[in-house]
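Let me begin by presenting the structure, written as structure tokens, before commenting on it.
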Amino acid sequence: MTADTETLRTLITPVRYVLWDLDGPICRLFAGHPAHEVAIALRQLIEKRGLGGLLEEKERTTGDPQVVLRNLGSRHPSSDLIADLEEWLTQQELTAAAKAYPTKYADPLIRTWSRRARFAVTTNNSARAAARYIETRGLTDCFPYIYGRTQNLDLMKPDPYILRQALSAMGADPKLSLMIGDASTDFEAAQKAGVHFLGYARNERKLNELLEAGVELQHIVNDLEPVLHVVRAP
């Protein structure tokens with residue numbers, strides 16, 4: 001399943017700008033504060049407000065709190081409810097950031113690669129949570145640009161809005177840029193922004209999601225170690 005070294009070298013060598021998704025390639029954000037528990041608490045919060053009738057079947061069963069928030073946001077945009085729920089989720093992500101588990105080889109890869117490429121975080125999580133996690137790992141200098149979810153949930157990936165923000169801030173040529181992500185929304189946003197894509201699939205579910213989205217198998221890794229080897233090579 002892992003992309004071969006030569007494919008990775010061809011993909012990575014020209015890259016001067018890297019857009020990183022947070023949850024997956026950099027860390028497991030909810031490793032110590034499980035996402036399914038956050039999703040349950042979010043539904044309970046909505047129920048306590050007497051608004052449980054707003055939830056449709058998918059929002060009632062998903063273990064992903066972003067699905068609950070985003071789907072509600074698409075039906076009730078720019079409402080006080082969505083603003084409140086987005087801030088509530090941000091606070092949950094800030095709690096999770098303190099307990100997050102780093103993706104294997106992510107820290108040395110980031111430190112090594114940042115010496116020759118400019119980095120940005122482009123995540124559907126809160127930018128504040130991303131910044132907190134990055135700070136806990138001592139990687140703040142590697143990520144001068146961090147872009148995340150706003151209260152306008154329509155601008156979350158797969159919309160390329162935050163990718164284009166990062167590219168503009170870095171003065172980046174999209175043709176020399178690479179997005180590293182683990183979701184179909186990352187791939188779709190990268191395509192729309194005109195940047196190359198490397199998929200990170202830590203399990204079979206993630207692999208299938210990326211393949212079904214159209215990511216080529218040779219552009220997917222299940223481990224960051226081979227990427228680190230390529231970056232460290234002369």
Side-chain angles (χ1 to χ4, degrees), residues 1-12 15 18-40 42-43 56-71 73-74 89 93 96 100-106 109-110 121-125 130 148-149 153-154 156-163 177-230:
M1 151 176 162
T2 301
D4 64 78
T5 300
E6 190 55 40
T7 298
L8 286 175
R9 185 177 292 114
T10 300
L11 180 65
I12 288 170
V15 167
V18 186
L19 309 176
W20 292 78
D21 183 37
L22 175 71
D23 190 10
I26 294 179
C27 68
R28 292 181 62 184
L29 180 61
F30 290 98
H33 188 51
H36 72 274
E37 294 181 4
V38 176
I40 291 170
L42 179 55
R43 285 191 287 268
E56 296 185 352
E57 182 60 28
K58 185 172 184 178
E59 291 102 68
R60 293 182 183 279
T61 58
T62 181
D64 186 345
Q66 285 196 16
V67 171
V68 180
L69 179 64
R70 183 169 191 162
N71 287 6
S74 67
L89 182 55
E93 290 171 344
Y101 193 83
T103 298
K104 192 174 182 180
Y105 297 107
L109 174 60
I110 289 166
V121 173
T122 49
T123 176
N124 278 346
N125 300 114
R149 183 183 64 241
L153 303 180
D154 288 338
M156 294 169 65
K157 294 173 290 183
D159 192 284
Y161 174 74
I162 58 174
L163 276 69
S177 303
L178 176 73
M179 167 101 203
I180 302 178
D182 71 338
S184 59
T185 50
D186 296 321
F187 177 58
E188 187 176 338
Q191 286 189 307
K192 291 176 180 177
V195 304
H196 301 287
F197 185 79
L198 177 64
Y200 170 71
R202 67 180 180 86
N203 56 35
E204 188 174 353
R205 180 179 64 84
K206 284 293 185 181
L207 172 62
N208 290 333
E209 178 184 349
L210 292 173
L211 290 174
E212 289 172 6
V215 184
E216 296 181 7
L217 183 61
Q218 59 265 37
H219 287 170
I220 301 174
V221 295
N222 63 352
D223 192 307
L224 294 180
E225 185 179 19
V227 183
L228 177 59
H229 287 327
V230 170

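Position 1 is the first residue of the sequence, and the numbers go up from there.
Judged as a side chain to side chain contact (heavy atoms under 4.5 Å, CB included), and not counting sequence neighbours, the contacts of E59 are L55, E56, V68, N71, R75. Remark: V15 engages V18, W113, L178 in a side chain to side chain contact (heavy atoms under 4.5 Å, CB included) (not counting sequence neighbours).
Looking only at atom types and distance, the side chain of N125 has a donor-acceptor partner in the side chain of T123 under 3.5 Å away.
Counting heavy atoms from C-beta outward, V227 and Y200 have side chains that stay 4.5 Å or more apart. Counting only heavy atoms from C-beta outward, the side chains of T185 and E188 never approach each other to under 4.5 Å. Side-chain contact between I12 and H196 is absent, with no heavy-atom pair separated by less than 4.5 Å. Proximity of I220 to L211: side-chain heavy atoms (C-beta onward) are separated by under 4.5 Å at one or more points. Counting heavy atoms from C-beta on, the side chains of E93 and F30 come closer than 4.5 Å. Counting heavy atoms from C-beta outward, R149 and R70 have side chains that stay 4.5 Å or more apart. Between H33 and V38 the shortest side-chain heavy-atom distance falls below 4.5 Å. Side-chain contact check for L153 versus L69: some heavy-atom pair is nearer than 4.5 Å.
Between atom CG of residue D64 and atom NZ of residue K58 there is a gap of 9.0 Å, rounded to the nearest 0.5 Å. Summarising the geometry, atom CG belonging to L228 is positioned 8.0 Å from atom OH belonging to Y105; distances are rounded to the nearest 0.5 Å. Q191 CD to L163 CG: the interatomic distance, rounded to the nearest 0.5 Å, is 12.0 Å. Separation of atoms CZ (F197) and CD (E216) is listed at 12.0 Å; rounding is to 0.5 Å. Rounding to the nearest 0.5 Å places CD1 of I180 at 10.0 Å from OG1 of T122. Distance check, rounded to the nearest 0.5 Å: CG of L198 to CG of L19 gives 12.5 Å.
For the residue pair A39 and T62, the shortest heavy atom distance occurs at CB-O, 3.8 Å. Shortest non-hydrogen contact noted between A213 and S184 is CB-CB, 3.6 Å. For P25 against T103, the heavy-atom pair with the smallest separation is O-CB, 3.5 Å.
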Quiz prompt | Worked verdict on R43 versus T61 for side-chain contact (heavy atoms from CB on, under 4.5 Å) | solution = CA-CA 10 Å; R43 285 191 287 268; T61 58; over 6 Å; no

Exercise. With side-chain contact (heavy atoms from CB on, under 4.5 Å) as the test, would you mind laying out the steps for H219 and L210 before giving the verdict?
Key: CA-CA 10 Å; H219 287 170; L210 292 173; over 6 Å; no

Quiz item: Can you check salt bridge (charged side-chain N to carboxylate O under 4.0 Å, His left out) on E57 and R60, steps first, answer last?
Solution: CA-CA 5 Å; E57 182 60 28; R60 293 182 183 279; 5.5 Å; no

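No side-chain donor-acceptor contact under 3.5 Å links E209 to the backbone of A183. The main-chain N or O of K157 is found under 3.5 Å from a side-chain atom of N124 such that the two form a donor-acceptor pair.
By the 6.0 Å contact criterion, CZ on R28 is open, its count of non-hydrogen atoms from other residues, nucleotides or ligands being 12 or less.
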